[in-house]
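Whatever order the structure lists them in is the order used to number ligands and atoms, beginning at 1. The shown structure was predicted, so the numbers you read here are calculated from the model rather than taken from an experiment.
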Amino acid sequence: MNNPSARIYLDTQRVISEISPLIFGGFAEHMGRCVYEGIYDPSSPHADAHGLRKDVLAALREIGYTVMRYPGGNFVSGYRWLDGVGPKESRPRRREMAWKSIETNRFGTDEFMHFAREIDTEPMLAVNLGTGTIQEAADLVEYCNAPTGSYYSDLRAKNGHAEPYGVKYWCLGNEMDGPWQIGHLEAHDYGRKALEAAKLMRLQDSQVKLIACGSSNDHMPTYPEWDRTVLEHVYEQVDYLSLHYYVGNRNNNASDYLASAVIFENQLDTLAATLRYVKSKLRSKREVYLSWDEWNIWYKNMEMNGDWQEAPHLIEEVYNLEDALVVAQWLSVFLRRADVLKVACIAQIVNIIAPLLTTKTQVLKQSIFYPLMLFSRNARGHSLDVLVESPKYPTSYNEQPLLDVSASHDPATGKGAVFIVNRSQNQSLETEVVWQSGTPARITAIHQMSGTDLKAANSFEHPEVLTSKALPVVPVQAGKAKLTLPPLSFTAVVTSS
Ligand code: AHR
């Protein structure tokens, strides 16, 4: 029997939206071994003069994170930012309540700003709206962004940083809808507090972009009513509404798991509609967008009790082939909803549910590293409205196409990219890519990741079980190119005009 066939139609005029580069962001929390032993470990043979892990920095640069959220997460809702600045020897050692760990405060705001510069990423700071006050939130904006000549800006200068950092992106708390959150609030109370924090923070720096807490996930009993209520308070003062979601193959049902894009699209649709509703209700002229500032796969390792240790091993999830195929789809959903999704941060970047795992001497690239890196490096310019003809397969979310596709085209550089997941567990698909307009001169690269074992994963002993391989490029003839897409594969086709 011949392989079944599929067709992908691209038209560089059929544009969904400009892709915000900030959708390729990461998140670093003071949790487990993300900061300590991940980013920062002065005792590692790979540490630089600042204690940053050079091998980790190199791998983070390879991904090319465009924005980095810090310092939490649940951690931020009990964090006193003043603990983390000034001479290290006088910083307090505290019991950290979100993860029941010991926080040494050896790494704080100034160290994070240095780290962000090292990996050339835009910093995005979260303020504590759990135990913290709106005054402390505004003081942190002053510390980071005000020119010297006032108390907190002079403190920054005293700590060795005379020039303001100019931090643009600020999260107004974290997951404040969750009963687990330190200082959790009802929607109405959070909306009022976030509004007042926003006003004060903007008085410190009128240029800041603010992100209000949306629902922690779509299973919350208050979803999406929380989002509507909060937006009705803060709509005129914020730039983004956050959403979070962690997916997992909890029932070990690969067909459904590989169709997870449906869940991600539903969540975006609901919140895009909520934004529209509130905008209309308030007769507002303002556009507020979405920031998916925690997203990833998390269900295998649920160890969240730090037992009052420094840098405990918490939620060090190991990622396999099926996880990488889900991450690739998630990023494709980001492109397909580029009209409303403008910021996204994978949670997290090292050790904690992350593309990278470390030992004292090694760094391991997990399976999900590769799709993240391929999207981040290649998807720029316009997101294209792709037409896909593909065989379908049954799932709990009705029939879904075997191929999940997104595409980008940058008119400024002429570079294009097509991202394709073949969800089939046994069928290779002969696929024709058809350019209806904007045919590229050539395909410059084809990167592919595939395998036969859904559960295969990289390990320190076998680090290259799953990587992306460069395939021989195929010609573009009469506006068409032919690809063979193996089952359980992710392919990124890069073109130039
Ligand atoms: O990323 C791990 C945790 O998940 C974050 O601290 C929290 O915001 C979310 O519930």
Subject >> Where at least one partner belongs to residues 120-146, residue pairs that pass salt bridge (charged side-chain N to carboxylate O under 4.0 Å, His left out), sequence neighbours excluded >> reply: none

Original post:
Quick one: are I102 and E96 in side-chain contact, heavy atoms under 4.5 Å?
Top reply: no

**OP:** May I have all residue pairs that pass side chain to side chain donor-acceptor pair (under 3.5 Å) and include part of residues 326-337, sequence neighbours excluded?
**Re:** E265-R336, D269-R337, Q329-R423, S332-S406, R336-D404, R337-D339

Subject >> Residues in side chain to side chain contact (heavy atoms under 4.5 Å, CB included) contact with D307, at least two apart in sequence or another chain >> reply: N305, Q309

**OP:** Assess whether atom CZ of R276 is packed by more than 12 heavy atoms of other residues, nucleotides or ligands within 6.0 Å.
**Re:** no

Original post:
Name the residues with a heavy atom less than 4.0 Å from ligand 1?
Top reply: F27, E29, G73, N74, W99, N174, E175, Y246, E294, W298, Q348, I353

Original post:
Below 6.0 angstrom between ring centroids: does that apply to F334 and W295?
Top reply: yes

